[in-house]
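Below is one structure, written out as structure tokens, with a few remarks after it.
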Amino acid sequence: MKKRIVATVLCTLGLCGLLVGCGAPAPQPTASDAPKTETQTQTDDKNTKESKTEQPAPAEELPKNSVLVYFDDEGYKRLVEDMAAGKVPKKCEALFDQMGGLPSVAVTDEDQIKQMYDYVSNIRVLDASGMSITDSYHYVYFELQDGTKVGLRFEGAGNLVRPDTNYAVEGDAVLWAKVRELQGATTGDDHVHPIVVADEDDLVESCPTSAMAGEVVRVSTKAVLDVQTVVTVNGQRLTNSHGLTWEFVMPDVPVEVRVFTEEYPFGGGS
């Protein structure tokens, strides 16, 4: 009889424990365990996309003859390193000079500064030119976050100024077209259009990279023997020339100037 009582007591205690356990409050889920709302999911997706946004290319990913890596220049290195680290300069200032008749322009919008950096980093060095043009002093410079200024100077489009000598460069036309666009917006002249030059045989001595609608544009070419030089504007052949200088009136649209040579008709020569 005593054994039966003990068993009954143990069973009763076990049942009480079970009931107490069942009545205990369940642990609350943490924030990480809780199911995400639609808004949270969209925010996470946005953050993931933003984290994957590409930064400007580091030095090793720029063109090998990019003006920013071609020279052993500490300022250029700083600019490339800052951009690769996401430290966008505070300002970019530029001038496309036409005998002092145009203003400099300043860009402070971060996206536009990145665009200007992209244009500059894709300017490619060809070779030392030694050429100097004394009436066109273009420049572009960036003000880094610590106040340091890093810039490039040009004596005419395609002609970079360096301490030792001047260098012929290519790929700067898109930069100057953008600068002219900004200058046009500043002066109230919004009819400035880019001029893209196709010159596979290196025949062009000088040609502006943009012009205002109605402006007379002059293209100077090199002398060649036994063949004739042909200059076309948007496919139309130019006939108005003064020796090696060709002229046309800028239309109210962007243009492509193409320069090439062809045989003289009927076997003629120069």
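Keep in mind it's a predicted model, so treat the numbers as computed, not measured. Along the sequence shown, residues are numbered consecutively beginning with 1. Keep in mind that the numbers below use all heavy atoms, side chains included, and drop hydrogens, waters and symmetry copies.
Heavy atoms from other residues, nucleotides or ligands lying under 6.0 Å from CD of Q145 number more than 12. Around the CZ atom of R124, the shell of radius 6.0 Å holds more than 12 heavy atoms that belong to other residues, nucleotides or ligands.
With hydrophobic clusters built from ILVMFWY side chains whose heavy atoms lie under 4.5 angstrom apart, V227 shares a cluster with L238. Hydrophobic clustering, with ILVMFWY side chains joined whenever heavy atoms are under 4.5 angstrom apart, keeps V174 apart from L126.
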Which donor-acceptor pairs under 3.5 Å do the side chains of residues 160-168 make with protein atoms, sequence neighbours left out?
unit_1, atom_1, unit_2, atom_2, d
R162, NH1, D73, OD2, 3.0
R162, NH1, Y76, OH, 3.2
R162, NH2, D73, OD2, 3.4
D164, OD2, Y167, OH, 2.8
N166, ND2, M131, O, 2.7
N166, ND2, E155, OE1, 3.1

Below 3.5 Å, can you tabulate the donor-acceptor pairs from side chains in residues 62-70 to any protein atom, sequence neighbours excluded?
unit_1, atom_1, unit_2, atom_2, d
N65, ND2, V125, O, 3.3
S66, OG, L68, N, 3.2
S66, OG, S121, O, 2.6

Subject >> Full working for side chain to side chain contact (heavy atoms under 4.5 Å, CB included) between V217 and V249 >> reply: CA-CA 6 Å; V217 177; V249 177; over 6 Å; no
**OP:** Starting from the C-alpha separation in whole Å, work towards a yes-or-no answer on side chain to side chain contact (heavy atoms under 4.5 Å, CB included) for F154 and V169.
**Re:** CA-CA 10 Å; F154 298 77; V169 297; 4.1 Å; yes
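Closest non-hydrogen pair, I195 versus C207, comes out as CG2-SG, 4.1 Å. When every heavy atom of M250 is checked against every heavy atom of M212, the shortest pair comes out as CB-O, 3.3 Å. For the residue pair A94 and V179, the shortest heavy atom distance occurs at CB-CG2, 3.7 Å. Across all non-hydrogen atoms, the minimal contact from T232 to F260 is CG2-CE2, 4.1 Å. Counting all heavy atoms, side chain and backbone alike, E256 lies closest to A198 at OE2-CB, 4.0 Å.
Between R258 and V231, the closest side-chain pair of non-hydrogen atoms is not below 4.5 Å. Side-chain atoms of N159 and H138, non-hydrogen and from C-beta on, never get closer than 4.5 Å to each other. Counting only heavy atoms from C-beta outward, the side chains of Y117 and P89 never approach each other to under 4.5 Å. Residues V253 and N234 have side chains in contact (heavy-atom distance under 4.5 Å, counting atoms from C-beta outward). For the pair V255/V196, no side-chain contact is recorded, criterion being any heavy-atom separation below 4.5 Å from C-beta on.
By the side-chain hydrogen bond (donor to acceptor under 3.5 Å, both in side chains) test, K77 is found to be paired with D72, residues two or more places apart in sequence or in another chain being considered. Residues that satisfy the salt bridge (charged side-chain N to carboxylate O under 4.0 Å, His left out) test with E262, not counting sequence neighbours, are R237. Checked against ring pair (Phe, Tyr, Trp, His ring centres under 6.0 Å), F142 has no partners two or more places apart in sequence or in another chain. For E181, the side-chain contact (heavy atoms from CB on, under 4.5 Å) criterion is met by K178, not counting sequence neighbours.
Salt bridge D146/R78: present, at least one basic N to carboxylate O contact under 4.0 Å. E143 has no carboxylate O lying under 4.0 Å from a charged side-chain N of K149, or vice versa, which leaves the two without a salt bridge.
Side-chain polar atoms of Y141 and E93 form a donor-acceptor pair below 3.5 angstrom.
Although no hydrogens or angles enter the test, the distance criterion places no donor-acceptor pair under 3.5 Å between the side chain of D172 and the main chain of L175. Looking only at distances, a side-chain donor or acceptor of T187 sits under 3.5 Å from a matching main-chain atom of Q183.
How far CD of E170 is from CG of D199: 10.5 Å, rounded to the nearest 0.5 Å. Distance check, rounded to the nearest 0.5 Å: NZ of K114 to SG of C92 gives 14.0 Å.
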